[in-house]
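Note sheet for the following structure.
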Amino acid sequence: MTTARRLLLVNGPNLNLLGTREPEIYGTATLADVERIASEAAAIHGFEMRAVQSNHEGLLIDAIHAAREDCSGIVINPGGLTHTSVVLRDALSGVSLPVAEVHISDVMSREEFRHHSYVRDVAIVHVIGEGVHGYAAAVDRLIRVIAGQADG
């Protein structure tokens, strides 16, 4: 595993619409706000953040694969791909980096199809239903795990 002090932040389909898409569920914060929140949380620990958002699964997978070269962990909100994408799960598993799964809303209190996550079993950190500030919690917890791995 790389010793880089960088995390990859991955946001999946439709998260580019944050701030305007169903604000009663997702709030009014934008994707730029999410990226700022996560970057600031990482900076507190001396980490930098590289962010990617795409509505195209293959672009997300390419970014995850590239993270092997210069990142020490991945924070991901796969959006709807959480519930449908085995290949995204396999990409996360295949890069052997620690993963934090984030969801802005409480997916377990929503439609039944949202209750299953293909990412759940490959992620070591899960932050669900804490709004956009859950990204900071996920970053903090993931960095603690990474530091623990580095120490022992």
Side-chain angles (χ1 to χ4, degrees), residues 1-55 59-61 63-83 85 88-89 91-93 95-110 114-152:
M1 182 181 300
T2 182
T3 58
R5 295 184 65 82
R6 180 178 303 110
L7 300 176
L8 176 65
L9 173 63
V10 178
N11 279 290
N14 300 313
L15 290 165
N16 58 304
L17 299 178
L18 285 175
T20 59
R21 176 184 175 221
E22 299 175 278
E24 68 280 4
I25 295 173
Y26 301 107
T28 57
T30 66
L31 180 61
D33 295 329
V34 164
E35 291 174 354
R36 179 186 47 75
I37 289 165
S39 292
E40 288 174 356
I44 289 169
H45 300 283
F47 277 69
E48 62 182 61
M49 183 74 66
R50 181 170 63 240
V52 61
Q53 185 283 325
S54 181
N55 296 320
L59 292 175
L60 299 176
I61 291 168
I64 290 166
H65 289 176
R68 293 179 301 171
E69 302 301 320
D70 65 350
C71 292
S72 53
I74 298 171
V75 177
I76 185 168
N77 181 342
L81 294 174
T82 303
H83 323 292
S85 183
L88 185 66
R89 179 236 180 263
L92 291 166
S93 178
V95 297
S96 300
L97 292 171
V99 174
E101 177 182 19
V102 180
H103 296 285
I104 296 168
S105 68
D106 180 0
V107 291
M108 295 307 288
S109 69
R110 296 185 60 198
R114 296 184 194 278
H115 297 184
H116 176 75
S117 168
Y118 281 103
V119 175
R120 183 176 295 126
D121 70 325
V122 296
I124 56 175
V125 171
H126 305 89
V127 180
I128 313 297
E130 295 185 22
V132 296
H133 294 287
Y135 283 85
V139 167
D140 289 340
R141 290 172 54 195
L142 185 62
I143 289 173
R144 277 186 269 153
V145 168
I146 291 166
Q149 288 178 346
D151 293 338

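Every heavy atom of this structure was used, including side-chain atoms; hydrogens, water molecules and symmetry mates were not.
Residues Leu97 and Ser72 are not in side-chain contact: their nearest non-hydrogen atoms beyond the backbone lie 4.5 Å or more apart. Here the side chains of Val132 and Asp33 are not in contact, with every heavy-atom distance at 4.5 Å or above. With a 4.5 Å cut-off on side-chain heavy atoms, Val125 and Glu101 do not count as touching.
Taken from OG in Ser105 to CD1 in Ile128, the straight-line distance is 8.5 Å, to the nearest 0.5 Å. Remark: Glu22 CD to Asn14 CG distance equals 9.0 Å, nearest 0.5 Å. Leu92 CG to Ile74 CD1: the interatomic distance, rounded to the nearest 0.5 Å, is 5.5 Å. Note that CG of Leu31 is 12.0 Å distant from CZ of Arg36, once rounded to the nearest 0.5 Å. Atom OG1 of Thr30 and atom CG of Leu17 lie 11.5 Å apart (nearest 0.5 Å).
No side-chain donor-acceptor contact under 3.5 Å links Asn77 to the backbone of His103. Looking at Arg21, its side chain never comes within 3.5 Å of a backbone N or O of Leu18 through a donor-acceptor pair.
Here His126 pairs with nothing under the side-chain hydrogen bond (donor to acceptor under 3.5 Å, both in side chains) rule; sequence neighbours left out. Residues meeting the side-chain contact (heavy atoms from CB on, under 4.5 Å) test with Thr28, sequence neighbours left out: Pro23. Under the ring pair (Phe, Tyr, Trp, His ring centres under 6.0 Å) criterion, Tyr118 pairs with His116, sequence neighbours left out. Residues meeting the side-chain contact (heavy atoms from CB on, under 4.5 Å) test with Glu48, sequence neighbours left out: Arg6. Under the side-chain hydrogen bond (donor to acceptor under 3.5 Å, both in side chains) criterion, Ser85 pairs with Glu57, not counting sequence neighbours.
Asn11 and Tyr135 share a side-chain donor-acceptor pair at under 3.5 Å.
Taking each heavy atom of Ser117 and Thr82 in turn, the nearest pair found is OG-CG2, 3.4 Å. Summarising the geometry of Met49 relative to Ala38, their closest heavy-atom pair is CE-O, 3.6 Å, with the distance given to 0.1 Å. The heavy-atom pair separating Leu88 from Pro78 by the smallest distance is CD2-CB, 3.7 Å. Pairing each heavy atom of Ala63 with each of Leu8, the nearest pair is O-CD2, 3.5 Å. The minimum heavy-atom distance between Leu7 and Phe47, with the atom names listed, is CG-CD2, 4.0 Å. Looking at every heavy atom in both residues, Asp70 comes nearest to Ala66 through OD1-O, 3.9 Å.
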Would you sort out whether Arg141 and Ile124 count as a side chain to side chain contact (heavy atoms under 4.5 Å, CB included), showing the intermediate values? CA-CA 9 Å; Arg141 290 172 54 195; Ile124 56 175; over 6 Å; no

Might you work through the side chain to side chain contact (heavy atoms under 4.5 Å, CB included) test for Val52 and Leu9, ending with a clear yes or no? CA-CA 6 Å; Val52 61; Leu9 173 63; over 6 Å; no

Would Val75 and Leu142 satisfy side chain to side chain contact (heavy atoms under 4.5 Å, CB included), going step by step from the backbone distance to the final call? CA-CA 8 Å; Val75 177; Leu142 185 62; 3.8 Å; yes

Before giving the answer on side chain to side chain contact (heavy atoms under 4.5 Å, CB included), spell out for Leu59 and Ile61 the whole-Å C-alpha distance, their side-chain angles and the decisive distance to 0.1 Å. CA-CA 5 Å; Leu59 292 175; Ile61 291 168; over 6 Å; no

Do any side-chain atoms of residues 39-46 form donor-acceptor pairs under 3.5 angstrom with protein atoms, and if so which ones, sequence neighbours left out?
{"from": "Ser39", "atom 1": "OG", "to": "Glu35", "atom 2": "O", "distance (Å)": "2.9"}
{"from": "His45", "atom 1": "NE2", "to": "Asp140", "atom 2": "OD1", "distance (Å)": "2.9"}

